[in-house]
Amino acid sequence: AKLVEMILADAALLASEGLMDYSLLVGIHRVSPEASSNEREARLRHLTAAGGYISIDRQKVYFFGIIDVLEPYDCGWRVQHA
């Protein structure tokens, strides 16, 4: 739900500025299986504080972002992509 809210907010901002052409970037950080339980939990806390989302199995942390090309959506764009 949080991810959807973030994407909707980003898309609304771009739309309000008349911009488009953006892509969803997904980063995956795999937590070392050799880490002790304390090390793992500390690493997960650090990564979530940096904006990551922990996987259900607590083995990975996902990061999401929108990459903006910031291209004006105007007549020229519509003609070019028709």
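Residues passing the side chain to side chain donor-acceptor pair (under 3.5 Å) test with Glu39 are Ser36, sequence neighbours excluded. Judged as a salt bridge (charged side-chain N to carboxylate O under 4.0 Å, His left out), and not counting sequence neighbours, the contacts of Arg58 are Glu41. Glu5 meets the side chain to side chain donor-acceptor pair (under 3.5 Å) test with no other residue; sequence neighbours excluded. Applying the side-chain contact (heavy atoms from CB on, under 4.5 Å) rule to Val4 yields the partners Leu8; only residues at least two apart in sequence or on another chain are considered. For the side chain to side chain donor-acceptor pair (under 3.5 Å) test, no residue two or more places apart in sequence or in another chain qualifies with Thr48. Checked against side chain to side chain donor-acceptor pair (under 3.5 Å), Asn38 has no partners two or more places apart in sequence or in another chain.
Here salt bridge (Lys or Arg N to Asp or Glu O under 4.0 Å) pairs that include residues 26-37, with residues two or more places apart or in two chains, number zero. For residues 25-61, the pairs satisfying ring pair (Phe, Tyr, Trp, His ring centres under 6.0 Å) are Tyr53-Phe64, with sequence neighbours left out. Identified under the salt bridge (Lys or Arg N to Asp or Glu O under 4.0 Å) test for residues 45-57, with sequence neighbours left out: Asp57-Lys60.
Members clustered with Leu47: Val31, Leu44, Ile54, Val61, Phe63, by chain and number, using a 4.5 Å side-chain heavy-atom cutoff among hydrophobic residues.
Considering every non-hydrogen atom in both Arg40 and Ala35, the closest pair reads N-CB, 4.2 Å.
Cluster membership for Leu24 and Leu13, using ILVMFWY side-chain heavy atoms within less than 4.5 angstrom, is not shared.
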